[in-house]
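Numbers restart at 1 for each chain; the letters A, B, ... are given by sequence-line order, proteins then strands.
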Amino acid sequence: MKAILISLGVVGGVIVGLVPAVHRSRPRWWMALCIGGMGLTIALGLLPPLSGTFRDAVITWRQVNPELYVPVAGTLDWDAAVASGDTLVVPMTDRAIPPTTAMVVIPPGFSVPKDASVVILAVQRWKNDQQFVVRGIVAADPILALPFIPGLEERARNLFFHVPLSWVAVVAYAYALWYAVLFLRRRRFIDDIHSVSAVSIGTLFALLATATGSIWAKFNWGSFWNWDPRETSIFLLLLIYAAYFALRQSIEEPQRRAQIAAIYAIVAFVTVPFLVFVMPRLMEGLHPGSASDQTAGPILSTQPGVLHPLKQIVFALSMFSFSLLFFWLLSLRVRSGILALQHKIQQVQEMSETR
Amino acid sequence: MEAFLVRYSIYVVFLIVLVIWIGIAGWLWRLERRLVKLEQWARQHGGNRP
């Protein structure tokens, strides 16, 4: 199911992105699809509350940070509630498989809705692993909820933005390679415009992926940059494609510039699969899916339960929407490049006619 | 205060990201319309295909 959903997001994004062709204007339905898809990705990625279990609360207390509050989803048994002064002690059964029942202490000032069948309470382990104190009310009868992952907490939502940004950069570099090959075969400047536009926007997406990853790393690993194999590989990739722009700037003659840039785009892409998909998985590192990780990471792992079904849907939607965003930006860049080229050709023709 | 942060911090992040996206989407929409007009103008004035 996960493979189908993610493949739909990835392949669907590229197919819808290429229809209509990149050098044509975007129809209204297409723009609405991109804007709506991104809006939905942002809403589904950021709005649903996190819901964990008592086990998560104990793991967080023992291994992560005893000060953290863990959102636990469950059903309160109000009939068995015991009042101790202003404090209420209520048995709560979480939604783990198999479920765990523990006592939650509700201090005065918290009005937990009694008619809700499922509540998410922010709790902290109290005297032992069977007693938890309520620190906040997160949601009552939530329509959607994302899983709580001890050690990642809210930061897990970065998956919906960071990974699609990196993926789109790879698509962009592959697109640039394809048009570089076409340029060398057909010698048409329009192919060079496609190639350079894809590299520009791909590099923008690679930079955004690096920025989102770096901010995430600051809060998860303690510093913005750790020279993890994947961080090193994206750094090398950015250097390789920065050199592409330097190369273009250094050649004045347009035909020669396009030809050498096309050759460079082909050679540069040879490093992409190795730097993005191979090297970070062969070496030990901090990133999910590295050699030191037990799984292939949340996206590629075939183990059941690694990626929650709602996360699979949001991730697939995110891949689709970010792909459309890339093709929209690419279309704008390519079409403005074509207009600029047409203008130049016209100028040259007018000059030759006046002579 | 901590309970308030637990409850609402992600909604603040959501609002910031949503406002940024609405800004980008509006800018892209306007850019698209402008480019369409420019392409029409270029076609009317005999733009050459490269």
Side-chain angles (χ1 to χ4, degrees), chain A residues 23-28 30-32 34-36 38-39 41-43 45-50 67-71 109-110 120-122 134-139 146 153-154 157 161 188-193 321 325 328-329 331-332 335-346 348-349, chain B:
Chain A
H23 64 275
R24 298 198 183 282
S25 61
R26 307 285 98 184
R28 274 173 191 266
W30 196 100
M31 294 190 287
C34 176
I35 293 171
M38 282 297 293
T41 300
I42 293 166
L46 297 177
L47 278 184
L50 298 185
E67 299 294 316
L68 277 181
Y69 304 159
V70 176
F110 288 107
I120 303 179
L121 302 175
V134 174
R135 298 297 188 192
I137 302 155
V138 179
L146 290 167
E153 300 102 38
E154 299 285 0
R157 297 177 197 264
F161 305 95
R188 283 174 47 183
F189 271 112
I190 195 166
D191 295 331
D192 179 55
I193 292 171
S321 312
L325 178 62
W328 194 356
L329 288 167
S331 171
L332 289 168
R335 284 152 58 206
S336 54
I338 291 171
L339 277 178
L341 189 62
Q342 284 174 343
H343 182 64
K344 262 186 198 170
I345 291 169
Q346 237 169 359
V348 172
Q349 280 177 346
Chain B
M1 184 60 193
E2 280 178 273
F4 176 84
L5 285 176
V6 166
R7 180 80 175 84
Y8 294 108
S9 58
I10 195 66
Y11 299 121
V12 176
V13 175
F14 165 71
L15 279 177
I16 293 168
V17 176
L18 191 69
V19 167
I20 291 170
W21 171 240
I22 289 170
I24 293 171
W27 172 71
L28 283 174
W29 190 282
R30 280 180 58 196
L31 217 60
E32 179 71 35
R33 306 320 304 163
R34 275 189 196 176
L35 200 59
V36 166
K37 279 182 188 168
L38 213 60
E39 282 168 336
Q40 280 171 351
W41 185 89
R43 268 198 297 275
Q44 283 162 6
H45 292 79
N48 295 312
R49 284 200 68 80

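Scanning all heavy atoms of the two residues, the minimum distance from Leu47(A) to Arg157(A) falls at N-NH1, 4.1 Å. In this structure, Gly39(A) and Trp21(B) approach most closely via the heavy-atom pair N-NE1, 3.8 Å. For the pair Ala122(A) and Tyr69(A), the tightest heavy-atom approach, listed with the atom from each and the gap, is CB-CB, 4.1 Å.
If you measure heavy-atom distances from Arg34(B) to chain A, you find no contacts under 4.5 Å at all. For a residue to count as touching a neighbouring chain, one of its non-hydrogen atoms must lie under 4.5 Å from one of that chain's; by this rule Leu325(A) touches chain B with the side chain only. Only the side chain of Leu329(A) comes within less than 4.5 Å of a heavy atom of chain B; its backbone N, CA, C and O stay farther away. With a 4.5 angstrom heavy-atom cutoff, Leu332(A) touches chain B via backbone and side-chain atoms both.
Using a cut-off of 4.0 Å between Lys/Arg side-chain N and Asp/Glu carboxylate O, Arg24(A) and Glu39(B) are scored as not salt-bridged.
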